[in-house]
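Just below is one structure, and these are the notes that go with it.
Sequential numbering from 1 along the given sequence is applied to the chain's residues.
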Amino acid sequence: MYLHNRPVELPGLPAGMQTGCVSYAPYYGKDQTPLRADTWISPQQIDEDLALLSRQFQCVRTYSVDQGLEHVPEAAQRLGMKVLLGAWIGWVDSKNRQELNKAIALANRYQSTVSALIVGNEVLLRGEQTLPAMQKYLHHAQESTSVPVTYADVWEYWLRYPGLAPSVDYITVHILPYWEDHPQSIDNAIPHAQQVMNKLAVKFDKPLFVGETGWPSRGRQRGESVPSQVNQTRYLREFISTAHQQGWQYNLIEAIDQPWKRHLEGTVGGEWGLYDSALQPKFTRTGSVVERADGAWPAIFAVSGLLLWCGIARRKAFAGSAMLAMASLGALTGLATWVGVDYLHTVSRDLFEWLVLGSLGMLALSISLLLPLGAQAYTQARQYLGTALLLLLAAGAITGCFLAFDGRYRDFPLFLFTLPALQLALGARLLALPLRPASRLYLFIHLLSITLAAACVLLDPLNDHAWAWAALVLLLATVSWPGKHSPTS
């Protein structure tokens, strides 16, 4: 927590260095999502968004001309900006042709503003069209407009489908070190981008354009690829600087955080923006970067917890190591409450997840409150403590199932399990609580959780969060492994 609130010095961009394009999707407001057919973005919102973006960028890339986005070329023209106009290509041919014809008409009407027509975005990656079908769409666009025509996909798919190159005026590639099959660390991200560009330059004799590149500011770690505010700023600054040195043309992803993507890609999906969903800047060109800006609140919560639990300890006549345990437990609970609320706000995508994850957080707080009562041999408190322990272990096992079998877009809920694990460890050791239930159900849950945690480590051995999750599971097993007798059984 302390380190995350300290400024990190990073090399800045030279004054006056021009920035390339940026992906613009206006779906950052409440209930705005391209997945709903009735979503419509007003011209006023687009005007205001582009006015903001024009302070940093000379160009925006769009992905569709539907849901009000047909207004982008007109708004950009008034600001002197260029537009990489996208036509969305999906499963249905009739919709694709309608979208493409609309995009062609806009490109022809705003030829001085639309610098290229991008027909399809990662269509081959998603498997929604075949190579021959994409070639037909591209040929139709080339015959119908004089602006350059291209197609955008991840760099591996350009190598897999080199036959698409004759159908475009230049190659638009996506280089996203975080999403690679072998995720790249922040230290190796720029060298990786250089290797990709060199490989493509050898393969194709047409100009290359980096259609998407960026780094998420929050979310699930993948291998050595760690989302963070510091890493996002570092990557963008280093990439922009390298692109100017190498003469690359590029587009950053993306202008504004997209909360709707969290439903598809977890927390990380909505955290690629250079501005957050309140239109506050996340990316700066120069100066130090702070991962978190908590101010004095962590200390306030920690001290409040310490004083409250010390008050409980005095009423229950704790002394010595038990008093120290209670003071530590109180400070830990207070600090975890502050961090936990922020964590819930970040990862909860809907009311259901707020209720489920929030209930787990409340369970941790209840354990913390009942530990001193359980230590004083209150029967009801001990029974509740045993029930809370069983619920906690079951939640850990269920979470482990999701992480092991469907973990690509799921965060490791370390903050929610760290507090109760440490609480129980303190209770078992310093408060001398009997936390070894006799039920075989506990044994089954522990073995299942350990197996699943081991699977997470084996599937992603370079992921620090996977190892931390395994450590938490082992800690819980250590303090609550089934025994022969226990009042909490």
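Distance alone, capped at 3.5 Å, is enough to place a donor-acceptor pair between the K282 side chain and the G273 backbone. Although no hydrogens or angles enter the test, the distance criterion places a donor-acceptor pair under 3.5 Å between the side chain of T213 and the main chain of I175. Counting only distance, with no hydrogens or angles, the side chain of N463 and the backbone of Q221 share a donor-acceptor pair below 3.5 Å. Side-chain N or O atoms of K206 include one that pairs as donor or acceptor with a backbone N or O of A165 at under 3.5 Å. Side chain of T145 to backbone of A141: no donor-acceptor contact under 3.5 angstrom is found. Judged purely by atom type and a 3.5 angstrom limit, E254 has no side-chain atom pairing as donor or acceptor with the backbone of V22. A donor-acceptor pair is defined here as one N or O able to donate and one able to accept, closer than 3.5 Å; such a pair exists between the side chain of N96 and the backbone of G90. For the pair S54 (side chain) and A51 (backbone), a donor-acceptor distance under 3.5 Å is present. Judged by distance alone, the side chain of S449 and the main-chain N or O of I445 form a donor-acceptor pair under 3.5 Å. The backbone N or O of Q229 sits less than 3.5 Å from a side-chain atom of E291, completing a donor-acceptor pair.
Side-chain contact, W272 with D257: no donor N or O sits under 3.5 Å from an acceptor N or O. E99 and S64 share a donor-acceptor pair across their side chains, judged by distance under 3.5 Å alone. When only modelled atom types and interatomic distance are considered, Q258 and Q32 share no side-chain donor-acceptor pair under 3.5 Å. Looking only at atom types and distance, the side chain of Q184 has no donor-acceptor partner in the side chain of S225 under 3.5 Å away. No hydrogens or angles considered: a donor-acceptor pair under 3.5 Å links the side chains of Q111 and S146. For the residue pair H465 and D460, no side-chain donor N or O sits within less than 3.5 Å of a side-chain acceptor on the partner.
Residue pairs satisfying the ring-ring contact (aromatic ring centres under 6.0 Å, His included) criterion with at least one member in residues 93-137, sequence neighbours excluded, are absent. Residue pairs meeting the side-chain hydrogen bond (donor to acceptor under 3.5 Å, both in side chains) criterion with at least one member in residues 73-82, sequence neighbours excluded, are D47-R78, E74-R78.
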Apply side-chain contact (heavy atoms from CB on, under 4.5 Å) to the pair H139 and S167, showing each step before the final yes or no. CA-CA 6 Å; H139 290 160; S167 302; 3.1 Å; yes
F417 vs W469, ring-ring contact (aromatic ring centres under 6.0 Å, His included): CA-CA, chis, key distance, verdict: CA-CA 9 Å; F417 282 86; W469 176 254; 5.1 Å; yes
Could you please spell out the steps behind the side-chain contact (heavy atoms from CB on, under 4.5 Å) verdict for E212 and L252? CA-CA 5 Å; E212 284 184 2; L252 304 178; over 6 Å; no
Y24/M81 under side-chain contact (heavy atoms from CB on, under 4.5 Å): CA gap, chis, key distance, verdict: CA-CA 13 Å; Y24 170 61; M81 300 179 74; over 6 Å; no
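Closest of all the heavy-atom pairs between A397 and L448 is CB-CD2, 4.1 Å. T418 and L472 make their closest contact through OG1-CD1, 3.6 Å (heavy atoms, listed as atom of the first residue, atom of the second, distance). Closest non-hydrogen pair, P207 versus D169, comes out as CD-O, 3.9 Å. Looking at every heavy atom in both residues, Q129 comes nearest to I89 through CG-CG2, 3.9 Å. Residue V65 comes nearest to L106 through the heavy atom pair CG1-CD1, 3.7 Å, listed as atom of the first residue, atom of the second, then distance. P227 and Y178 make their closest contact through CG-CE1, 3.6 Å (heavy atoms, listed as atom of the first residue, atom of the second, distance).
With a 4.5 Å cut-off on side-chain heavy atoms, V210 and M197 count as touching. Side-chain atoms of L84 and T62, non-hydrogen and from C-beta on, never get closer than 4.5 Å to each other. Side-chain atoms of V168 and V149, non-hydrogen and from C-beta on, never get closer than 4.5 Å to each other. No side-chain heavy atom of V290 sits under 4.5 Å from any side-chain heavy atom of R6. Within the 4.5 Å cutoff, the side chain of R237 has no heavy atoms near those of the R285 side chain. Contact check for R222 versus W179: side-chain heavy atoms found under the 4.5 Å cut-off. The shortest side-chain heavy-atom distance between W215 and L236 does not fall under the 4.5 Å cut-off.
Taking E9 as the reference, nothing meets the side chain to side chain donor-acceptor pair (under 3.5 Å) condition, with sequence neighbours excluded. Partners of T130 by side chain to side chain donor-acceptor pair (under 3.5 Å), not counting sequence neighbours: none found. Every residue two or more places apart in sequence or in another chain was checked for a side chain to side chain contact (heavy atoms under 4.5 Å, CB included) with V341, and none qualifies. Taking H263 as the reference, R349, D350 meet the side chain to side chain contact (heavy atoms under 4.5 Å, CB included) condition, with sequence neighbours excluded. A search for side chain to side chain donor-acceptor pair (under 3.5 Å) contacts involving E180 returns W155, H192, not counting sequence neighbours. By the ring-ring contact (aromatic ring centres under 6.0 Å, His included) test, W40 is found to be paired with no residue, residues two or more places apart in sequence or in another chain being considered. With sequence neighbours left out, the side chain to side chain contact (heavy atoms under 4.5 Å, CB included) criterion links Q280 to D276, A278. Remark: T39 engages Y27, T33, R36, I41, Q67 in a side chain to side chain contact (heavy atoms under 4.5 Å, CB included) (not counting sequence neighbours).
Contact check on R126 versus D153 returns no salt bridge, with no Lys/Arg side-chain nitrogen under 4.0 Å from an Asp/Glu carboxylate oxygen. Using a cut-off of 4.0 Å between Lys/Arg side-chain N and Asp/Glu carboxylate O, E238 and R234 are scored as salt-bridged.
For the atom pair W260 CH2 and L35 CG, the distance stands at 5.0 Å (nearest 0.5 Å). Atom CD1 of I256 sits about 11.5 Å away from atom OG of S23, to the nearest 0.5 Å. Atoms OG1 and CG, on T172 and L208 in that order, are 9.0 Å from each other to the nearest 0.5 Å. Summarising the geometry, atom CD1 belonging to I398 is positioned 11.0 Å from atom CG belonging to L452; distances are rounded to the nearest 0.5 Å.
Taking the centre of each ring, F209 and Y250 stay at or above the 6.0 Å mark.
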Could you list the donor-acceptor pairs under 3.5 angstrom formed by side chains in residues 115-125, with sequence neighbours left out?
unit_1	atom_1	unit_2	atom_2	d
S115	OG	V83	O	3.4
N121	OD1	R61	NH2	2.7
E122	OE2	H174	ND1	2.7

Less than 3.5 Å apart, which donor and acceptor atoms pair up between the side chains of residues 403-413 and the rest of the protein, not counting sequence neighbours?
unit_1	atom_1	unit_2	atom_2	d
D406	OD2	R410	NE	3.4
D406	OD2	R410	NH2	3.1
R410	NE	D406	O	3.0
D411	OD1	T267	OG1	2.7
D411	OD2	R220	N	3.3

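Using cut-offs of 30° and 60° for the angle between ring planes, the F204 and W158 rings count as perpendicular.
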